[in-house]
Student: 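Here's a structure for you.
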Amino acid sequence: MAEMLHPPTPPSWRERWFSAMFASTGTSITTVVVLVLLAVVLYKAFIWGVWDATTVVDSQVCSQSPGACWGAVAYNHRIILLGRYPIGEGWRPVLGMVLLLGAVGLAAMPRFFGTRGLWMVVAALAMFVALLAGGWGGLTPVDSDLWGGLPLTLLLSVFAVIASVPLAIALALGRRSQLPIVRWACTGYIELVRGVPLITVLFFGAFVLPLLLPPGWRADAMLRVALCLTAFSAAYLAEVYRGGLQAITKGQGEAAHALSLSRWQTLKLIILPQAARLTIPPATSHFIGVLKDTSLVAIVNIYDLTGSLKMALTNPEWRPYFVEAYIVVSAIYLILGLSIVGYGRFLEQRYSLDKR
Amino acid sequence: MNSPILQIEGVHKWYGDFHALTDCSLTVEKGEKIVICGPSGSGKSTLIRCVNEIETIDAGRILFKGQSMDRSAAAVKARRHIGMVFQQFNLFPHLTVLENLMLAPMHVLGVSRKEAEATAMAQLERVRIAAQAQKYPGQMSGGQQQRVAIARALCMNPELMLFDEPTSALDPEMVNEVLDVMVELAGQGMTMLCVTHEMGFAQQVADRVVFMDGGEILEVQSPENFFHHPQSERSRAFLGKILRQHA
């Protein structure tokens with residue numbers, strides 16, 4: 001019998017990479033092809049985006065240059081970022097955005113978890129809307145159809161996320177209810193909304209709903225669109241939470257009952273916290289989806305970040321440089337999306353101890 | 001003359017077409033330790049689950065300290081003093097051990113956080129697991145988890161403890177640490193209703209042994225009589241199987 005007194009030393013990362021990439025003739029060829037392609041793409045991107053690029057804000061110079069025209073982005077940055085919001089009032093959406101991001105950032109910290117954090121975000125949302133709308137404290141009133149750009153994207157996303165969570169929980173619980181009417185209603189709602197494209201829901205909210213409602217009931221178009229996004233998000237999120245609820249064993253409810261916790265306490269203290277922890281990965285995914293779904297509101301003449309970008313590109317002088325503008329806007333979405341991903345990972349790690 | 005702490009009178013329970021409990025009656029005096037045994041599917045667990053209303057009954061009645069357990073507000077209040085320990089522990093995995101113990105006293109009995117923590121630590125001492133107060137259930141062995149579950153029930157200051165096969169999900173080397181706690185509890189005068197296959201425990205602490213089969217209570221005996229002079233055919237067969245295993 002051979003003696004083995006020490007654990008085996010794991011191979012270095014260099015050995016592991018090498019053995020993974022050049023294990024056989026097939027993998028070696030694939031590795032080489034991929035590396036060459038990657039080098040070519042990076043090289044081209046570098047030449048176009050940096051080496052040959054111009055940063056002068058002058059479309060004449062750009063039309064002579066083979067590289068990227070970042071001046072197009074510089075020239076259009078206000079309309080891309082703030083949409084049609086009146087010139088000279090731009091500080092209002094920017095301040096609102098800073099308030100909202102600040103509140104969301106604070107609420108995301110464990111010390112503010114729970115109602116305190118929630119109220120901060122709700123207050124920031126209200127402040128944001130008040131700043132955008134104006135009409136108080138000497139602020140010029142600005143109609144909601146002039147709101148736009150990145151602030152609007154953030155406003156709609158945060159509103160839809162915050163508002164759809166309670167609705168989704170209610171729908172998920174309703175779908176598991178003992179009462180057939182409640183169960184059918186929730187199932188019907190979820191499947192109806194999931195079966196229809198978001199664009200259809202937005203169209204309905206923006207154009208059809210006002211025709212059906214009596215004139216006095218016609219809410220602001222922006223509010224209707226925000227509610228449509230919420231309603232759409234809630235249907236999907238409800239299924240995410242239902243999955244979480246199903247993963248919780250019957251014994252948890254029985255133990256809570258044996259300790260004389262009421263049904264409401266059992267839900268609030270035992271069931272929902274566990275379901276929320278179990279659904280962090282799919283919920284993260286869903287919230288990124290909500291962020292990106294807001295770009296569809298451009299269809300109903302609301303100019304969020306993507307809508308404002310399209311509007312900026314209607315200017316014939318700068319239209320040829322749409323790639324540059326799209327890259328910048330994509331980068332903004334990417335940064336926001338990665339922040340959500342990073343936060344989801346943080347939550348997963350934070351709650352990794354309490355697994356069965 | 002003390003009135004009995006628990007009266008089960010003519011209880012029937014149906015699951016669809018299946019008659020799970022047939023005319024079950026049992027009276028338990030304060031401080032008594034009752035062991036309920038019988039083959040799988042005989043209705044033992046169902047019976048004790050009816051006592052604290054995890055299951056509803058279809059006929060008959062159950063009185064705890066004279067209060068009918070009928071889902072009325074008074075029954076809900078009385079039920080606070082019935083503790084239960086489950087086969088699968090059913091600790092709350094998202095809470096620490098200490099939080100598991102403090103939850104119900106704070107939210108149901110309305111005691112202060114400080115008081116709840118003091119009670120919780122005292123009960124953890126009692127089951128010899130105080131050092132693990134800050135751990136999560138998932139970080140503990142089955143035996144430790146079950147002792148935490150017993151401590152959690154004791155934090156509600158129960159007058160009756162129900163045990164539903166508390167050692168059946170444990171690895172053999174952990175059975176005794178849980179039984180020791182139960183024996184100690186019995187020694188301190190707790191009224192206990194235990195569904196268990198641990199016949200050694202039954203012989204050591206039970207005042208009476210209840211034998212169930214097919215949803216019926218067939219025998220209620222002292223442990224001595226039950227183990228040495230089982231009366232029914234079925235209890236003899238059951239004991240034959242179970243004692244050979246343990247021999």
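Everything numeric here is computed off the predicted structure, so don't read it as measured data. Below, chain A is the first sequence line, B the second, and so on; all start at residue 1.
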Student: Heavy-atom distance under 4.5 Å between the side chains of A:S260 and B:K77, does that happen here?
Tutor: no

Student: Apply side-chain contact (heavy atoms from CB on, under 4.5 Å) to A:L269 and B:L95, showing your working.
Tutor: CA-CA 10 Å; A:L269 301 169; B:L95 302 177; over 6 Å; no

Student: Between A:E254 and chain B, which part of the residue has a heavy atom less than 4.5 Å away: side chain, backbone, both or neither?
Tutor: both

Student: More than 12 non-hydrogen atoms from neighbouring residues, nucleotides or ligands closer than 6.0 Å to CG on A:L334, yes or no?
Tutor: yes

Student: Chain A heavy atoms under 4.5 Å from B:R152: which part of the residue, side chain, backbone, both or neither?
Tutor: both

Student: A:H257 versus B:M84: any side-chain heavy-atom pair under 4.5 Å?
Tutor: no

Student: Could you please spell out the steps behind the side-chain contact (heavy atoms from CB on, under 4.5 Å) verdict for B:Q88 and A:T249?
Tutor: CA-CA 10 Å; B:Q88 299 295 341; A:T249 57; over 6 Å; no

Student: B:F92 vs A:I271, test: side-chain contact (heavy atoms from CB on, under 4.5 Å). Steps then yes/no.
Tutor: CA-CA 9 Å; B:F92 305 129; A:I271 309 295; over 6 Å; no

Student: Does B:N90 use its side chain to pair, donor to acceptor, with the backbone of A:A255 at less than 3.5 Å?
Tutor: no

Student: Given a strict heavy-atom distance threshold of 4.5 Å, which part of B:I54 is in contact with chain A: side chain, backbone, both, or neither?
Tutor: both

Student: Heavy-atom distance under 4.5 Å between the side chains of A:L261 and B:V108, does that happen here?
Tutor: yes

Student: Please say whether more than 12 non-hydrogen atoms of neighbouring residues, nucleotides or ligands are located less than 6.0 Å from CZ in B:R71.
Tutor: yes

Student: Let me know if B:E53 has heavy atoms under 4.5 Å from chain A in its side chain, its backbone, both or neither.
Tutor: both

Student: If you count every heavy atom of other residues, nucleotides or ligands that lies below 6.0 Å from A:R176 atom CZ, does the total exceed 12?
Tutor: yes

Student: Measure the CG-CD1 distance between B:N100 and A:I270 for me, rounded to the nearest 0.5 Å.
Tutor: 7.5 Å

Student: For the pair A:Y351 and B:H94, evaluate side-chain contact (heavy atoms from CB on, under 4.5 Å) and give the outcome as yes or no after the intermediate values.
Tutor: CA-CA 8 Å; A:Y351 296 120; B:H94 63 302; over 6 Å; no

Student: Restricting to non-hydrogen atoms, name the atom on B:N52 and the atom on A:A258 that form the minimum distance, rounded to 0.1 Å.
Tutor: ND2-CB, 3.7 Å

Student: In terms of heavy-atom proximity below 4.5 Å to chain A, should B:L162 be classed as side chain, backbone, both, or neither?
Tutor: neither

Student: Tell me which of these, B:R79, B:Q87, B:Q145, B:R49, has more heavy-atom pairs under 4.5 Å with chain A than the rest.
Tutor: B:R79

